[in-house]
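See below for the structure under consideration.
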Number of protein chains: 2
Amino acid sequence: MENGYDKSQLRDLHMLVEHIGPFREGTHLFREGDAFNAIAAVRGGTVKTYVTDTAGREQVQGFFLPGEVIGLNAISSNRYPCNAVALDAVTLCRFSFPNIAALARRLPGLQEHLFRLLSQDIGKAALLAGNYTTDERMAAFLLTLSRRYAARGFSAHRFCLTMSRTDIANYLRLAPETISRVLRRFQDEGLIKVERRELTLTDAARIEELARAVLRG
Amino acid sequence: MENGYDKSQLRDLHMLVEHIGPFREGTHLFREGDAFNAIAAVRGGTVKTYVTDTAGREQVQGFFLPGEVIGLNAISSNRYPCNAVALDAVTLCRFSFPNIAALARRLPGLQEHLFRLLSQDIGKAALLAGNYTTDERMAAFLLTLSRRYAARGFSAHRFCLTMSRTDIANYLRLAPETISRVLRRFQDEGLIKVERRELTLTDAARIEELARAVLRG
DNA sequence: CGGTCATTTGAGAAGCCTCAATATTAGTGG
DNA sequence: CCACTAATATTGAGGCTTCTCAAATGACCG
């Protein structure tokens, strides 16, 4: 336990946690405009958040893997500003936000943790906003997936792309066809091996090199 | 007073506020990697935040007008993840973050306010990340400037672009030449009137129409 | 086996960038 | 007050990257 919470505090925390799911692929966890009352940590599966613009195009805002928190951007307006959908079987830990905020007043460590979580997400959103080439963006995308899986104990060099090519395209602001072509070229150049949605990083060093501009270190 | 703080609470708040500046145009308020200890609200002037990527290109992350808060994205790592520079004469209110976080534990309203601020910034960053046309992005940029100035009591349809065309380009992920051409075309089409850095919105309705895809309502 | 959907592949077009030249502005010093 | 310089902004021409449209392929499911 590295949280620094004692037993009674953990009991308090436990009181506001609600395990929900599993949700099947395609299930919406919340929709744009829904009243906000809880944030949630992904326990298993992948969640995609997105909005649909006035022209009907889907703008993917992010993919959330196990251990990552969704709903933080809903605090400011008390409504979810985007849709969230399960890309595979998803289970969640649901935290009542009013309750956790109240508890955070008594537990400095928890308040700090929440501030940190929120602050992190600002930076993550800024990442993709940058002006980078197609290759840089794809490399950064694959590398962050790799690192996030690794952080959760999964393999860093071999994992499954739980999202479709179209989802990746809408996330990286490219056409689906471009995703196909870049992945193929990366494979031809020996950077990766991709078969269907199974992905292997065969030359992580060069991927990192490409992604450096985006990820900065 | 709409804050909901009483007199003694305001005194507490006042204790942690430090008015600093003015800083001259070009002055760096902080640099990437600097130790984080305070957030700051802009009192006057404009602040630009940016990072420089490995290829030496400047990636502008945002412009901050009076009333807006800088430094929130530094909380998570305890270091500023970007540079901040004054675009004109800038004055700031500086808040020691450890102190304000401590105070927030006693003032639920303040804690909520901070959560809101942080949450808002997540959404702002996501805005620009979307996949939009040049015209949509430019219209959204001009319209948000207009709204932000209006929120602070300045004119909504006439204001000064305190940043260079190059800054706008680096923010909107376009070439400076493209900025020039779009502004000229907008003017030719009667949407705006631009002379030097003085900008007038002559057809706010059509600007809003263009920006709708980005701003969503 | 047939149908549906995701993905791949190709060809052509469009949009934006790059490069280069010119124009304009602001600042400086005579 | 004016000339000179440097920086910013504008404009034009051509090229490149990515998109769009269309078709073919392959995977999965009943």
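Residue numbering restarts at 1 for every chain, and letters A, B, ... go by the order of the sequence lines.
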Step through it carefully: locate the ring centre of B:F115, locate the ring centre of A:F97, and say whether they are under 6.0 Å apart. yes

Does the pair B:R165 and B:E177 meet the rule for a salt bridge (charged side-chain N to carboxylate O under 4.0 Å, His left out), with working shown? CA-CA 8 Å; B:R165 304 287 195 266; B:E177 295 91 333; over 6 Å; no

For atom CG of B:L87 and atom P of D:dT8, their distance in whole Å: 12 Å

Would you call B:R184 and B:E189 a salt bridge, taking side-chain N to carboxylate O under 4.0 Å as the test? no

When you check the phosphate oxygens OP1 and OP2 of C:dA6, does a side-chain N or O of A:R196 lie under 4.0 Å from one of them? no

Length of the CE-P vector between A:M163 and C:dA6, whole Å: 15 Å

Between A:K48 and A:D167, is the closest basic N to carboxylate O distance under 4.0 Å? yes

CD of B:Q187 versus P of D:dA9: gap in Å, rounded? 15 Å

Taking atom types as modelled, find out whether A:R31 and A:H28 have a side-chain donor-acceptor pair closer than 3.5 angstrom. yes

Per side chain to side chain donor-acceptor pair (under 3.5 Å), B:T200 is matched among B:K193, B:E195, B:R158 by B:R158

Would A:R212 and A:E209 satisfy salt bridge (charged side-chain N to carboxylate O under 4.0 Å, His left out), going step by step from the backbone distance to the final call? CA-CA 5 Å; A:R212 187 160 304 162; A:E209 179 60 33; 3.1 Å; yes

Which nucleotide in D:dA9, C:dT7, C:dT8 has an atom nearest any side-chain atom of B:S164: D:dA9

B:E25 atom CD is separated from D:dA7 atom C1', nearest whole Å, by 12 Å

Which nucleotides of nucleotides 14-19 of chain C have their base under 4.0 Å from a protein heavy atom (B), which only their sugar-phosphate (S), and which neither (-), written as one string 5' to 3'? --SSBB

In whole angstrom, give the distance that lies between atom CG of B:N170 and atom P of D:dT8. 12 Å

Check for a donor-acceptor pair, side chain of B:N73 on one end and backbone N or O of A:G123 on the other, with a separation under 3.5 Å. no

Can B:E136 and A:R57 be counted as an ion pair, charged N to O under 4.0 angstrom? yes

Starting at CG of A:L161 and ending at P of C:dT8, how long is that distance when rounded to a whole Å? 10 Å

Among C:dT9, C:dA6, D:dA9, which nucleotide sits nearest the side chain of A:R184? C:dT9

Figure out the CD/P separation between B:E195 and C:dA26, and round it to whole Å. 10 Å

Quick one: bend of the helix from C:dC1-D:dG30 to C:dG30-D:dC1 from 5 pairs per end, to 10°? 40°

Between D:dT10 atom C1' and B:I168 atom CD1, what is the distance in whole Å? 14 Å

